[in-house]
Structure formats: structure tokens, C-alpha cells
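Quick notes on the structure that follows.
In what follows, chains carry the letters A, B, and so on, assigned in the order in which the sequence lines appear, proteins first and then strands, with residues in each chain numbered from 1. Because only heavy atoms are used, hydrogens play no part in the values below, and waters and symmetry mates are left out as well, while side chains stay in.
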There are 2 protein chains.
Amino acid sequence: MTDTDLLRDRGLRVTAPRLAVLDALEGHAHLDADEVLGRVRTTLPGVSVQAVYDVLHALTGAGILRRIEPAGHPARYERRVGDNHHHVVCRGCGAVDDVDCVVGHAPCLVPSSTSGFAVEAAEVTFWGLCPACRQAG
Amino acid sequence: MTDTDLLRDRGLRVTAPRLAVLDALEGHAHLDADEVLGRVRTTLPGVSVQAVYDVLHALTGAGILRRIEPAGHPARYERRVGDNHHHVVCRGCGAVDDVDCVVGHAPCLVPSSTSGFAVEAAEVTFWGLCPACRQAG
DNA sequence: GTCGTCACTTGAATGATTCCAGAAAACATG
DNA sequence: CATGTTTTCTGGAATCATTCAAGTGACGAC
């Protein structure tokens, strides 16, 4: 399915900024809003900061994008949705990479006592050092 | 061990603001910086905002406090450290509660492929609705 | 094509957190 | 207990990602 069809399918209007954001995240996952803006402006120089934030919100709300918010770092976005994968975040530079869940259906992701909370989702974040930051010491 | 001994034990100086912060978090886990400030000022009215941030950083760095940063909410702090428990966060009001890991040693918390990252820790966050927000609809 | 709705632009505001310089207090020593 | 050094605390301003507000412009149903 083309990005155009994807947007129509979710009931979203097809606009140049939206296509540009999707294109920027194609092959470059885990970009933050500023990086997305930079990439979008290479093809659409006039796009405003808020347009990018609006688009990212709209696409996230429509389930086309997934938003990752590692503690202490700006939010990042990726196109890979719906497969319940997780992330490693580098303590040094904030780089993010994907981690697939080892076990098919995560057994420890069903909490024991939920204190009356209605739990909808579980999110796993691994923290460590990326290869580059390991070398840098 | 008293809080005074605890601070000395970690090589930290014993000051009134530090004791007050520890006291504020005793029995009131998951407070954010502003809430800690409010509680501290009931006993030490003159304490500054930055003093509280400095203290929270110092105690977190010394391993006395644990910092929780749920996406979209200010950071929260708790005294319970070193037992690898996790948290439920309310999508409505941001309330946080503790969740003990179901399985003794979490099986899915060892990532399969780590892309060269040196993984140090795994963090699990459950998202849902607290009892109060469930009733509010 | 026309029109209503939704998206985008410009500009300013917010809120948690941090930076800076100077004053004050805590620990180690004589 | 007096002194000096180091660390902490105060007060004010600054930062950064993100959001709000109001007006202009473009998509797409009819």
C-alpha cells in the first residue's frame, strides 16, 4: 500500500507534509521531531515546526506511527507498529534500536497485583551503551 | 539505619534539606519534584526549588532514590531501590503505583539480539487507568 | 467547480528542568 | 573551639521540547 493510500485508509487527508514525514521515517527509524523536520525540509523547505508536530500527532493517533519517549530524551517516532517490539536506549548518546521480544507472548508482562488499575499495555525499555559510546569509554 | 547514617554511609553530607526530602518520600512514594518541594516546605519554609532538584539528583546518584520518568509526566521519585520492581502509570491522571515482577527472574527481560548494545538494565512500565479515572469515565 | 472542514503558518507561551554567581553551611584538622 | 576548604543552598535568569491561539490556505465530498 502506498503512503497515499495508507493515509486515505485511516481517514486522513493526503498532504505534502504528511507524505514527507512518512518518507523521512522510511528507512530512518527513531528520529526525533527536530530530525524529522530537518529531513522534511530537504524536500519541502517551507514546512513549519508546528506542522511537523501536528503531523506526528495525527499519524500517531491514527496508529501509523509509534511514539517512543525515553526518559531524559526528546520523543522519537517510528513506522513499525503493531508488532509489540521493544527498544534499547543508549545511556551515552540516546541512540535507540529495536529489540524483538524473545518469548512469543511475553510472560512477565502480565502484572500480578495491579492495585485496581486496568492495565492496557506494557512497555519495555532496555538501557545500556551503544557500540560507539562503549569505545568512547 | 537512620537517614543521617544513610547519608554519611554514602559519603554525602548531612543537611536539613536532604533529611527533609528523605522524610517527604517516606510513606509517600512517587512524588514529583514539585510535590517534594511542597512537603519539604511544611517543615523548612525557606527551601529553594533548586535545592530540591540538587538533593534529588544527589540522592539518585548515590542510589538512595530511584527516579521514574513516565512519558508525558514530570519525573517522580521513590525510596524503594534495588529490588527491580516496576510501575503502573495511569493514562488519565498520571498516578503511579508499584508492580512486583510476576516471575522470579523475568524471562522476557533478556533481549535476544542487542545490536551490539551493552545492556545494563530493563525497565517495564504498565499503562492503564487507575480506579478513580475508571469511574470518571 | 463550490464549499465546508481540516491542515498549515506565524508568533508567542508554557512548564519542567538546568545554568550561573555568590552566600552560607558542614566536615576535617590543628 | 577556631579555621579553612569543600560542598551545598539561594535567587534569578535561561533552556529546550512541546503546545496554544488566530488567521490563511488547501483537500475532497457533493
Side-chain angles (χ1 to χ4, degrees), chain A residues 2-22 24 30-38 40-41 43-62 64-65 67-77 89 93-94 96, chain B residues 2-22 24 30-38 40-41 43-62 64-65 67-77 89 93-94 96:
Chain A
T2 68
D3 287 345
T4 299
D5 293 339
L6 179 63
L7 289 170
R8 288 226 173 85
D9 186 58
R10 306 299 171 97
L12 295 174
R13 292 189 178 175
V14 180
T15 68
R18 287 178 177 180
L19 291 173
V21 166
L22 285 173
H30 314 130
L31 300 180
D32 64 29
D34 201 56
E35 291 165 340
V36 170
L37 179 66
V40 166
R41 281 189 173 160
T43 51
L44 297 172
V47 172
S48 67
V49 177
Q50 290 67 14
V52 168
Y53 277 101
D54 285 350
V55 169
L56 291 172
H57 276 153
L59 299 186
T60 303
I64 298 175
L65 293 184
R67 178 189 182 121
I68 316 158
E69 299 183 57
H73 297 279
R76 295 169 171 277
Y77 299 84
V89 182
C93 63
V96 175
Chain B
T2 67
D3 287 344
T4 299
D5 293 340
L6 178 64
L7 289 171
R8 287 225 173 84
D9 186 58
R10 306 299 170 96
L12 295 175
R13 295 196 174 171
V14 179
T15 68
R18 288 178 176 180
L19 292 173
V21 165
L22 284 173
H30 314 129
L31 300 181
D32 63 29
D34 201 56
E35 290 164 341
V36 170
L37 179 66
V40 166
R41 280 189 173 160
T43 51
L44 296 172
V47 173
S48 68
V49 177
Q50 290 69 12
V52 168
Y53 277 101
D54 286 350
V55 168
L56 291 172
H57 278 153
L59 299 186
T60 303
I64 297 175
L65 293 184
R67 180 190 181 118
I68 316 159
E69 299 183 57
H73 297 279
R76 295 170 170 277
Y77 298 84
V89 183
C93 63
V96 175

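- Side chain of A/Arg18, nearest nucleotide from C/dT17, D/dT18, C/dA7: C/dA7.
- Closest approach of A/Val89 and A/Gly94 over heavy atoms only: CG1-O, 4.1 Å.
- Counting non-hydrogen atoms under 4.0 angstrom, A/Ala58 reaches nothing in the nucleic acid.
- Between B/Thr15 and D/dC9 there is a side-chain polar atom (N or O) within less than 4.0 angstrom of OP1 or OP2.
- When the side-chain nitrogen and oxygen atoms of A/Arg13 are compared with OP1 and OP2 of C/dT5, none of them lie within a distance under 4.0 Å.
- Among the nucleotides D/dC20, D/dT10, D/dC9, the one closest to the side chain of A/Gln50 is D/dC20.
- Under the side-chain contact (heavy atoms from CB on, under 4.5 Å) test applied with A/Ile64, the options A/Val21, A/Asp9, A/Leu7, A/Asp3 reduce to a single match, A/Leu7.
- Between B/Tyr53 and C/dT17, a side-chain N or O to OP1/OP2 separation shorter than 4.0 Å is present.
- Close to D/dG28, at under 4.0 Å from its OP1 or OP2, lies a side-chain N or O of A/Arg8.
- One atom, CG of A/Leu56, and another, P of D/dT18, lie 9 Å apart when rounded to the nearest Å.
- The separation between A/Tyr77 atom OH and D/dT18 atom P is 6 Å, rounded to whole Å.
- Contact annotation for B/His57: backbone-only contact, meaning every heavy-atom pair under 4.0 Å involves sugar-phosphate atoms and none involves a base.
- Atom-to-atom, CD of A/Glu69 to C1' of D/dA17 comes out at 11 Å; the value is rounded to the nearest Å.
- Within the helix from C/dG1-D/dC30 to C/dG30-D/dC1, the inter-axis angle between the opening and closing five-pair segments is 40°, rounded to 10°.
- Between B/His73 atom NE2 and D/dT18 atom P the separation is 15 Å, expressed in whole Å.
- For A/Asp54 and D/dA21, the CG to C1' distance is 12 Å, given to the nearest whole Å.
- Rounded to whole angstrom, the span from the CG atom of A/Leu19 across to the P atom of C/dA7 amounts to 13 Å.
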